[in-house]
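Report on the structure given below.
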Amino acid sequence: MKFKRHVLNAEATDKVVSSLQSRLVDLIDLSLQLKQAHWCVVGNNFRAVHLQLDEIILTTRDASDEVAERISTLGVAPDGRAKTVAEGSDLAEISDQFQQVQATVSTVADRLKTTIAGLRESIEAVGGVDPISEDMLIAISGALEKHLWMVQAQEL
């Protein structure tokens, strides 16, 4: 399908969509990994971390939807298929075993940090080309940075 009216020229669209697609993959993978952590966390303060993970998952799923819809807005079909996510994510693989709360907190903090680093790279990449996408990525990064603060505060 080809849109008749584009908000960016072809070169800018390619640059922005490439960057957004990378962020989409990381956000989808992050939400899946957080759910895995949610199911497998055990130990002291289990309930608090279990519930906190659900809050972060909501933020992450909303963010991935927002990024995918921005890609669509730019006239390109987003790719959130499992194969694409598995092959393209910048996140390290998460354990498939039960993990103590402290290990879970550390793992989640690491995955959030990796995702935020990618978001910040994309903010730089799209900033001069598409301020709408830049603004969206800044908002997503801000929300995830707040979650990172709250997660890693438990490591102290």
Side-chain angles (χ1 to χ4, degrees), residues 1-41 49-95 104-155:
M1 181 182 91
K2 296 278 186 189
F3 291 147
K4 292 181 182 180
R5 296 163 199 86
H6 296 278
V7 295
L8 301 174
N9 66 40
E11 183 180 336
T13 298
D14 290 346
K15 181 177 183 175
V16 172
V17 167
S18 175
S19 191
L20 292 179
Q21 179 61 44
S22 294
R23 300 301 60 88
L24 176 62
V25 165
D26 284 354
L27 287 164
I28 292 169
D29 192 20
L30 180 61
S31 69
L32 293 170
Q33 289 199 30
L34 291 171
K35 205 49 153 164
Q36 181 69 27
H38 167 88
W39 294 324
C40 294
V41 64
V49 172
H50 185 78
L51 295 174
Q52 183 181 28
L53 290 171
D54 270 341
E55 293 171 6
I56 304 169
I57 291 163
L58 284 174
T59 300
T60 305
R61 286 180 177 166
D62 287 346
S64 65
D65 189 52
E66 195 171 352
V67 170
E69 289 178 355
R70 180 65 185 163
I71 294 169
S72 292
T73 298
L74 296 174
V76 179
D79 189 353
R81 297 173 299 161
K83 180 180 178 181
T84 302
V85 172
E87 292 173 352
S89 177
D90 289 333
L91 278 62
E93 189 173 357
I94 195 166
S95 173
T104 299
V105 165
S106 182
T107 297
V108 169
D110 289 344
R111 297 316 181 275
L112 284 166
K113 174 64 174 117
T114 300
T115 304
I116 291 164
L119 286 162
R120 286 181 162 268
E121 286 175 18
S122 289
I123 289 165
E124 286 290 320
V126 306
V129 180
D130 182 15
I132 306 303
S133 293
E134 178 190 34
D135 185 57
M136 176 192 67
L137 293 170
I138 290 169
I140 292 167
S141 182
L144 291 182
E145 288 177 17
K146 184 175 180 181
H147 283 302
L148 175 59
W149 161 57
M150 292 183 170
V151 168
Q152 67 184 348
Q154 297 172 73
E155 292 181 302

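Small disclaimer: the values here were computed from a predicted structure and weren't measured.
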Please test Arg61 against Ser31 for side-chain hydrogen bond (donor to acceptor under 3.5 Å, both in side chains), starting from the C-alpha separation and ending with a verdict.
CA-CA 6 Å; Arg61 286 180 177 166; Ser31 69; 4.5 Å; no
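- Note that CG of Leu148 is 11.0 Å distant from CE of Met150, once rounded to the nearest 0.5 Å.
- By the 4.0 Å N-to-carboxylate-O rule, Lys113 lies too far from Asp110 to be salt-bridged with it.
- When all heavy atoms are compared, the tightest approach of Ala37 to Ile94 is CB-CD1, 3.9 Å.
- Between the side chain of Glu155 and the main chain of Val151, no donor-acceptor pair closer than 3.5 Å is present.
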Pair Asp65, Leu27 - check side-chain contact (heavy atoms from CB on, under 4.5 Å), show working.
CA-CA 9 Å; Asp65 189 52; Leu27 287 164; over 6 Å; no
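- For the atom pair CH2 (Trp39) and CG (Leu34), the distance works out to 11.0 Å, reported to the nearest 0.5 Å.
- In this structure the side chain of Leu74 reaches within 4.5 angstrom of the side chain of Asp130, judged on heavy atoms.
- Screening Leu30, Thr114, Leu32, Asp29 for a side-chain contact (heavy atoms from CB on, under 4.5 Å) with Ser89, the sole residue that qualifies is Asp29.
- Thr73 places a side-chain N or O within 3.5 Å of a backbone atom of Glu69 that can act as its donor or acceptor partner.
- The two residues Ile123 and Ser141 have their closest heavy-atom pair at CD1-CB, 4.2 Å.
- Between Ser95 and Thr107 there is no side-chain heavy-atom pair separated by less than 4.5 Å.
- In terms of heavy atoms, Gln152 sits closest to Ala109 at CB-CB, 4.4 Å.
- Side-chain contact check for Gln21 versus Val76: every heavy-atom pair is 4.5 Å or farther apart.
- Contact annotation: the side chain of Ile28 never approaches that of Thr84 to less than 4.5 Å [non-hydrogen atoms, C-beta and beyond].
- Within the 4.5 Å cutoff, the side chain of Glu93 has no heavy atoms near those of the Gln36 side chain.
- Distance check, rounded to the nearest 0.5 Å: CD of Glu124 to CD of Glu121 gives 9.5 Å.
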Does Leu53 form a side-chain contact (heavy atoms from CB on, under 4.5 Å) with Thr104? I'd like the steps, not just the answer.
CA-CA 10 Å; Leu53 290 171; Thr104 299; 4.2 Å; yes
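- Scanning all heavy atoms of the two residues, the minimum distance from Val25 to Asp79 falls at CG2-O, 4.3 Å.
- Note on Arg111 versus Asp26: no salt bridge recorded, every NZ/NE/NH1/NH2 to OD/OE distance being 4.0 Å or above.
- Surrounding CD of Glu11 are at most 12 heavy atoms belonging to other residues, nucleotides or ligands under 6.0 Å away.
- A donor-acceptor pair shorter than 3.5 Å cannot be found between the side chains of Thr13 and His6.
- Side chains of Lys35 and Asp54 form a contact here, defined as non-hydrogen atoms less than 4.5 Å apart.
- Between Thr59 and Ala143 the shortest heavy-atom distance is CG2-CB, 3.9 Å.
- In this structure the side chain of Arg23 reaches within 4.5 angstrom of the side chain of Asp90, judged on heavy atoms.
- A donor atom on one side chain and an acceptor atom on the other are found under 3.5 Å apart for Ser19 and Ser122.
- In this structure, the side chain of Thr60 engages the main chain of Ile56 through a donor-acceptor pair within 3.5 Å.
- The CG atom of Asn9 lies 11.0 Å from the NZ atom of Lys15; values are rounded to the nearest 0.5 Å.
- When all heavy atoms of Leu24 and Gly80 are compared, the closest pair comes out as CD2-N, 4.5 Å.
- Ile140 CD1 to Arg70 CZ: the interatomic distance, rounded to the nearest 0.5 Å, is 11.5 Å.
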